[in-house]
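Residue numbers begin at 1 in each chain, while the letters A, B, ... track the order of the sequences. Any value given below was found using the heavy atoms of this structure, including those in side chains, with hydrogens, waters and symmetry copies removed.
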2 protein chains.
Amino acid sequence: MKIKCDSELFKINEKLYPCSTSITMDYIGGKWKTVILYHLIDGPKRYNELKKTMPVVTERTLSLQLKQLESDGIVNRKVYTTKPPLKVEYSLTDFGISLIPLLKNIAEWGNKIAEQKAKIIKVEDIKK
Amino acid sequence: MKIKCDSELFKINEKLYPCSTSITMDYIGGKWKTVILYHLIDGPKRYNELKKTMPVVTERTLSLQLKQLESDGIVNRKVYTTKPPLKVEYSLTDFGISLIPLLKNIAEWGNKIAEQKAKIIKVEDIKK
DNA sequence: CGGGATCCTGCATGATACTG
DNA sequence: CAGTATCATGCAGGATCCCG
């Protein structure tokens, strides 16, 4: 496969990308998207399940990122109830599934760093 | 390999990461780092070579990103002259080289999107 | 339960000019 | 040539409160 990054730019929906890597980063970049997606690899998760496994993110941000992932066609949002308490499940679309090898790659590289340099912190120790 | 992302956090240099994916994203995230690194896969490049192949980035930003990549141990900066005109070459360190498979992965996924949806724009058409 | 509304802050990035 | 200095800005993300 030939991937060009010189003297040509990509244009998708009026946005310019200087390199195909920046297209990918636009889809999964940011502080939380890869984390969310990584958690969805195992299967569908409810909003609250995601929140619990990601104790640091705020509800607003989690909600916003999920919306973006949904509008990018990467995750699916399915509502199971019409009246409160609501049940909403998020899952990967086929398009999102195509990201799994990449997500695992990203996690593995980060994990190598973690093994060398990171200290493990328990969630309970941060809760204020 | 087992990669944990629940109920534990990683701490590296006083920074907290909720998942190993976010460690990776901290190293190569942002708008330009993957683009720079992707261009360095072929071998060392001078500052101006990088600038020419990335016509949209400003000098300031390119410079800042290179500094960060350097301080993260991902790229190497080598100065060849003491007096102007300067010659400075950037290259991947061994640590940076360990990113190459991941970078190619990222580029390939983005390239699939590009093939389906992107219009190709010539650099000349943007220059003001 | 699963968010939305509002307000706010910091940081990533840009524009422009200048320099060893 | 390879940057730095200065100033400006937009937007990602946080804090808090509210709602069907």
Side-chain angles (χ1 to χ4, degrees), chain A residues 14-19 22 25-36 39-40 44-72 75-91 126-128, chain B residues 14-19 22 25-36 39-40 44-72 75-91 126-128:
Chain A
E14 301 310 309
K15 276 180 121 178
L16 280 177
Y17 301 93
C19 173
S22 45
M25 297 308 281
D26 201 28
Y27 276 90
I28 65 169
K31 204 165 166 183
W32 296 107
K33 284 187 183 169
T34 57
V35 184
I36 297 172
H39 283 302
L40 290 179
K45 287 231 167 62
R46 294 183 63 172
Y47 181 84
N48 237 349
E49 294 183 84
L50 285 172
K51 215 180 70 177
K52 277 175 197 157
T53 50
M54 300 166 52
V56 201
V57 72
T58 63
E59 300 185 359
R60 175 194 136 89
T61 299
L62 179 55
S63 178
L64 278 176
Q65 301 299 311
L66 282 167
K67 261 198 202 166
Q68 278 189 39
L69 289 170
E70 192 191 356
S71 80
D72 282 339
V75 309
N76 219 286
R77 181 176 184 270
K78 193 167 179 187
V79 187
Y80 285 93
T81 50
T82 52
K83 298 209 169 180
L86 293 184
K87 178 179 178 184
V88 180
E89 250 183 20
Y90 291 93
S91 57
I126 325 170
K127 286 185 179 157
K128 317 143 192 178
Chain B
E14 301 309 310
K15 275 179 123 178
L16 281 177
Y17 301 93
C19 174
S22 47
M25 296 309 279
D26 202 29
Y27 276 90
I28 65 168
K31 204 166 166 181
W32 296 107
K33 284 185 182 171
T34 57
V35 184
I36 296 172
H39 283 303
L40 289 179
K45 288 229 167 61
R46 295 183 63 173
Y47 181 85
N48 236 351
E49 294 184 82
L50 285 172
K51 214 179 70 177
K52 277 176 197 157
T53 51
M54 300 167 51
V56 201
V57 71
T58 62
E59 298 185 358
R60 176 194 135 88
T61 299
L62 179 56
S63 178
L64 278 176
Q65 302 299 312
L66 283 167
K67 264 197 201 166
Q68 278 190 37
L69 289 169
E70 191 190 357
S71 80
D72 283 338
V75 309
N76 218 286
R77 181 175 183 271
K78 194 167 179 188
V79 187
Y80 286 93
T81 50
T82 53
K83 297 210 170 178
L86 293 185
K87 178 180 177 181
V88 180
E89 249 183 21
Y90 291 92
S91 57
I126 325 170
K127 286 186 178 158
K128 317 143 193 181

message: Need one value for B:Lys83: base, sugar-phosphate or nothing, where a base atom within 4.0 Å counts as base even if backbone is also close, heavy atoms only.
response: nothing
query: Please give, in whole Å, the distance from C:dG3 P to A:Ile36 CD1?
result: 12 Å
- request: Using whole Å, report how far CG of A:Leu64 lies from P of C:dC7.
  value: 16 Å
- request: Please state how far atom CG in A:Leu86 lies from atom C1' in C:dC1, giving the value in whole angstrom units.
  value: 6 Å
message: From the set D:dA2, D:dT4, C:dG14, return the single nucleotide nearest to any side-chain atom of B:Tyr47.
response: D:dA2
- prompt: Taking only N and O in the side chain of B:Gln65, is any of them less than 4.0 Å away from OP1 or OP2 of C:dT13?
  reply: yes
task: Ignoring the backbone of A:Thr61, work out which of D:dG14, C:dT13, C:dG2 is nearest its side chain.
output: D:dG14
Derivation and outcome, side chain to side chain contact (heavy atoms under 4.5 Å, CB included), residues B:Val56 and A:Tyr17: CA-CA 9 Å; B:Val56 201; A:Tyr17 301 93; over 6 Å; no
query: Less than 3.5 Å between a donor and an acceptor, one on the side chain of B:Arg60 and one on the base of C:dT13, is that the case here?
result: yes
task: Would you classify A:Lys33 as touching base, sugar-phosphate or nothing, given that sugar-phosphate means primed atoms plus P, OP1 and OP2, and contacts are heavy atoms under 4.0 Å?
output: nothing
message: Using OP1 and OP2 only, check whether a side-chain N or O of B:Lys67 sits under 4.0 Å from D:dG3.
response: no
query: Looking across every strand, which nucleic acid part, if any, lies under 4.0 Å from A:Tyr90 by heavy atom: base, sugar-phosphate, or nothing?
result: sugar-phosphate
- prompt: Out of D:dG3, C:dG2, C:dT13, which nucleotide sits closest to the side chain of B:Ser63?
  reply: D:dG3
- prompt: Between B:Met25 and A:Met25, is a side chain to side chain contact (heavy atoms under 4.5 Å, CB included) present by the stated rule, with each step listed?
  reply: CA-CA 9 Å; B:Met25 296 309 279; A:Met25 297 308 281; 3.4 Å; yes
query: Tell me: CG of B:Leu62 to P of C:dA12, nearest whole Å?
result: 16 Å
message: So, applying side-chain contact (heavy atoms from CB on, under 4.5 Å) with A:Ile36, which one of A:Thr53, A:Ile28, A:Leu66 is it?
response: A:Leu66
query: Base, sugar-phosphate alone, or nothing: which one does B:Lys87 contact when heavy atoms must sit under 4.0 Å apart?
result: sugar-phosphate
query: Does A:Thr61 reach the main-chain N or O of A:Thr58 with its side chain, forming a donor-acceptor pair under 3.5 Å?
result: no
message: Any side-chain to backbone donor/acceptor pair from B:Tyr47 onto B:Glu59? Under 3.5 Å, distance only.
response: yes
Between C1' of C:dT13 and CE of A:Met25, the distance in whole Å: 15 Å
message: Please confirm whether the shortest side-chain N or O distance from B:Thr58 to OP1 or OP2 of C:dT13 is below 4.0 Å.
response: no
query: Does A:Pro85 or A:Gln68 map to a spot on DNA chain D nearer the 5' end, using the closest nucleotide for each?
result: A:Gln68
statement: Looking only at C:dG20, D:dG14, D:dG3, the nucleotide nearest the A:Trp32 side chain is D:dG14
- prompt: Looking only at side-chain N and O atoms, does A:Lys31 come under 4.0 Å of OP1 or OP2 in C:dC11?
  reply: no
- request: Whole angstrom is fine here: how far is it from NZ in A:Lys15 over to P in D:dC11?
  value: 10 Å
task: Side chain of B:Glu59 only, please: which of C:dA17, D:dG13, D:dC1 is the nearest?
output: C:dA17
task: Would you mind classifying the nucleic acid contact of A:Lys51 as base, sugar-phosphate or nothing, using non-hydrogen atoms under 4.0 angstrom?
output: nothing
- request: Count the heavy atoms belonging to other residues, nucleotides or ligands that lie under 6.0 Å from NZ of B:Lys15, then report whether that count exceeds 12.
  value: no
task: Rounded to the nearest angstrom, tell me the gap between atom CG in A:Asp26 and atom C1' in C:dA12.
output: 14 Å
- prompt: Taking NZ from B:Lys45 and C1' from D:dC1, how many angstroms apart are they, rounded to a whole number?
  reply: 18 Å
